[in-house]
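This is the structure I want to talk about, given as structure tokens.
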2 protein chains.
Amino acid sequence: MSKASDQAYEELRSRILSGELAPGTQLKEEELATLCGVSRTPVRAAIRQLEAELFVRRTDSQRSFVAEWNNDDLEEVFVLRGMLEAYAVRRAATRANASVISGLNAANEAMRTVIEALDFDLPAYLAANARFHALILETAASDRLASLLGKLVLQPVVQQTVRAYSREQLLRSYREHVEITTALAQRDPDWAEALMTAHIRRALHARLEPAEG
Amino acid sequence: MSKASDQAYEELRSRILSGELAPGTQLKEEELATLCGVSRTPVRAAIRQLEAELFVRRTDSQRSFVAEWNNDDLEEVFVLRGMLEAYAVRRAATRANASVISGLNAANEAMRTVIEALDFDLPAYLAANARFHALILETAASDRLASLLGKLVLQPVVQQTVRAYSREQLLRSYREHVEITTALAQRDPDWAEALMTAHIRRALHARLEPAEG
DNA sequence: GAGGACTATTTAGTATACAAAGCACTTTCT
DNA sequence: AGAAAGTGCTTTGTATACTAAATAGTCCTC
């Protein structure tokens with residue numbers, strides 16, 4: 001995409017994530033065009049993109065709304081994401097080199113630093129987490145897999161998941177990342193896959209049952 | 001989508017499937033607009049749709065080309081499709097009712113009829129095959145899963161796969177469908193899943209090594 | 001003759017005006 | 001009063017003209 005399309009996309013995406021455009025809100029092209037300071041054309045492109053990424057749903061009569069999430073949707077996304085990320089990490093295990101491993105270690109260190117800090121820096125945590133998963137996906141070297149996962153790694157979901165985490169759960173998640181990294185360094189696809197499956201599954205349950213700590 | 005967009009989409013899709021728009025061909029909006037008898041706007045929408053479905057790939061500089069397929073791409077798609085269809089049939093196993101089972105049986109019967117006929121009717125075979133898989137997907141009742149699989153059930157691939165099949169292989173595929181149907185009727189998710197995984201995996205190998213019969 | 005920059009041509013992106021389709025409200029008929 | 005049809009308003013779809021970017025081809029320089 002180009003300038004105006006990107007602008008519209010970023011603008012809408014961030015407003016959806018922040019909740020300014022709440023779930024269920026109807027997205028009207030003209031209104032959004034004014035909001036983003038571009039014409040309807042790039043707004044249309046942005047909406048279609050967000051629709052492909054499941055941030056937006058479309059009715060039969062072609063009207064767009066900010067997607068709403070119930071527990072079934074949530075479980076569905078986590079299960080699918082679990083399958084695909086497990087496959088990704090399996091592929092990554094046979095492709096990871098020293099530079100990948102050190103990249104993963106760096107992301108893990110960043111995450112630990114955030115967790116151990118006195119005031120919790122959510123954006124930094126999310127960035128480190130995203131870097132870890134993105135690096136694995138990149139190492140898996142599968143365009144199609146990346147394209148599918150792109151539609152499932154839904155930031156609002158992850159965000160809420162992290163909010164629901166206690167510090168102990170965050171630490172546990174960090175340790176899982178470290179162990180996955182070890183499995184990759186050992187080039188053990190089975191180990192990596194099993195760990196990733198458990199990792200994603202734990203995130204689902206953390207999200208379904210609010211943290212107790 | 002609406003009239004012009006649909007028209008452009010169908011037009012382009014069928015020309016890609018037929019090979020008239022060969023893999024590697026650059027898709028130029030203006031040219032295609034003339035071809036489809038609509039303006040560039042709906043053509044753009046159609047191209048983006050085909051891109052999401054992986055029929056079309058896009059370069060960094062936003063130019064579009066008909067996707068080319070090598071064996072790695074093929075394997076990747078089959079593996080991903082295998083995972084997702086296995087999950088679909090697992091869900092379907094707990095949701096299938098009598099009407100679903102009879103629908104699957106009908107598709108299977110249609111497939112058998114085509115295989116046993118003297119001159120092989122490829123479109124009829126593909127239709128029966130598609131009906132079987134579509135019905136399972138529908139029974140799985142997961143919008144997101146459907147959306148992901150929609151991007152992977154690539155007709156050109158399936159088409160070539162069937163061409164590569166010998167009559168014996170076709171019969172084997174038919175029998176697998178029958179057995180999957182039985183597993184669903186028994187509401188046995190594990191059985192259904194294992195069968196589906198094997199079914200898709202066999203299709204991959206049939207495609208990779210041309211038929212000997 | 002090769003490399004690099006400039007220009008022309010091709011192609012995609014954007015804005016805008018107009019057309020068509022939905023939706024909601026009102027009004028009318030039973 | 002309820003249902004159905006009509007009408008106007010809202011929203012999306014399409015065409016087209018214009019803008020920006022990228023590519024390829026040419027010419028100049030070394």
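So you know, we letter chains A, B, ... as the sequences are listed, proteins then strands, and number each from 1.
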Side chain of A:Gln26 - closest among D:dT16, C:dT16, D:dT11: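 Of the candidates, D:dT11 comes closest.
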B:Lys28 vs A:Gly37, nearer the 5' end of DNA chain C by closest nucleotide: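 Result: B:Lys28.
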Partners meeting salt bridge (charged side-chain N to carboxylate O under 4.0 Å, His left out) with A:Arg15 (sequence neighbours left out):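 Salt bridge (charged side-chain N to carboxylate O under 4.0 Å, His left out) list for A:Arg15, sorted by chain: A:Glu11, A:Glu20.
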Side-chain donor/acceptor of B:Arg187 to backbone N/O of B:Ala96, under 3.5 Å: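 At least one qualifying donor-acceptor pair exists.
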Ion pair A:Arg112/A:Glu109, N-O distance below 4.0 Å: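 Yes, this pair counts.
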Distance, rounded to the nearest Å, where B:Tyr9 contributes OH and D:dG13 contributes P: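 Whole-Å distance recorded here is 17 Å.
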Protein and nucleotides 21-23 of chain D: nitrogen or oxygen contacts under 3.5 angstrom:
from: D:dT23; atom 1: OP1; to: B:Ser61; atom 2: OG; distance (Å): 2.8

Protein-nucleotide distance (B:Ile47, atom CD1; C:dT11, atom P), rounded to Å: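 Distance check: B:Ile47 CD1 to C:dT11 P gives 12 Å.
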Nearest-angstrom distance from the residue atom CZ of A:Arg40 to P of C:dG13: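 So the two atoms are 18 Å apart, to the nearest Å.
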Those residues that, when tested against A:Ala185, pass side chain to side chain contact (heavy atoms under 4.5 Å, CB included) (two or more places apart):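 So A:Ala185 forms a side chain to side chain contact (heavy atoms under 4.5 Å, CB included) with A:Ile101.
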Donor-acceptor pair, side chain of B:Arg13 and main chain of B:Leu50, under 3.5 angstrom: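 No; zero donor-acceptor contacts below 3.5 Å.
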Distance below 4.0 Å between B:Ser39 side-chain N/O and D:dA15 OP1 or OP2: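 For B:Ser39, the contact criterion (side-chain N or O under 4.0 Å from OP1 or OP2 of D:dA15) is met.
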Under-4.0 Å side-chain N/O to phosphate OP1/OP2 contact, A:Arg44 with D:dG13: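 Answer is yes, contact under 4.0 Å.
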Phosphate OP1/OP2 of D:dG13: any A:Arg58 side-chain N/O under 4.0 Å: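 Answer yes for this pair, as a side-chain N or O of A:Arg58 is under 4.0 Å from OP1 or OP2.
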Sugar-phosphate only, base, or nothing, as touched by B:Leu27 at under 4.0 Å among non-hydrogen atoms: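 Result for B:Leu27 = sugar-phosphate.
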Presence of A:Gln62 side-chain N/O under 4.0 Å of D:dG13 phosphate oxygens OP1/OP2: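 For D:dG13, OP1 or OP2 has a side-chain N or O of A:Gln62 closer than 4.0 Å.
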Check: B:Ser166 main-chain N/O paired with B:Gln169 side-chain donor or acceptor under 3.5 Å: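 Yes, the answer is positive, given that a donor and an acceptor are paired below the 3.5 Å cut-off.
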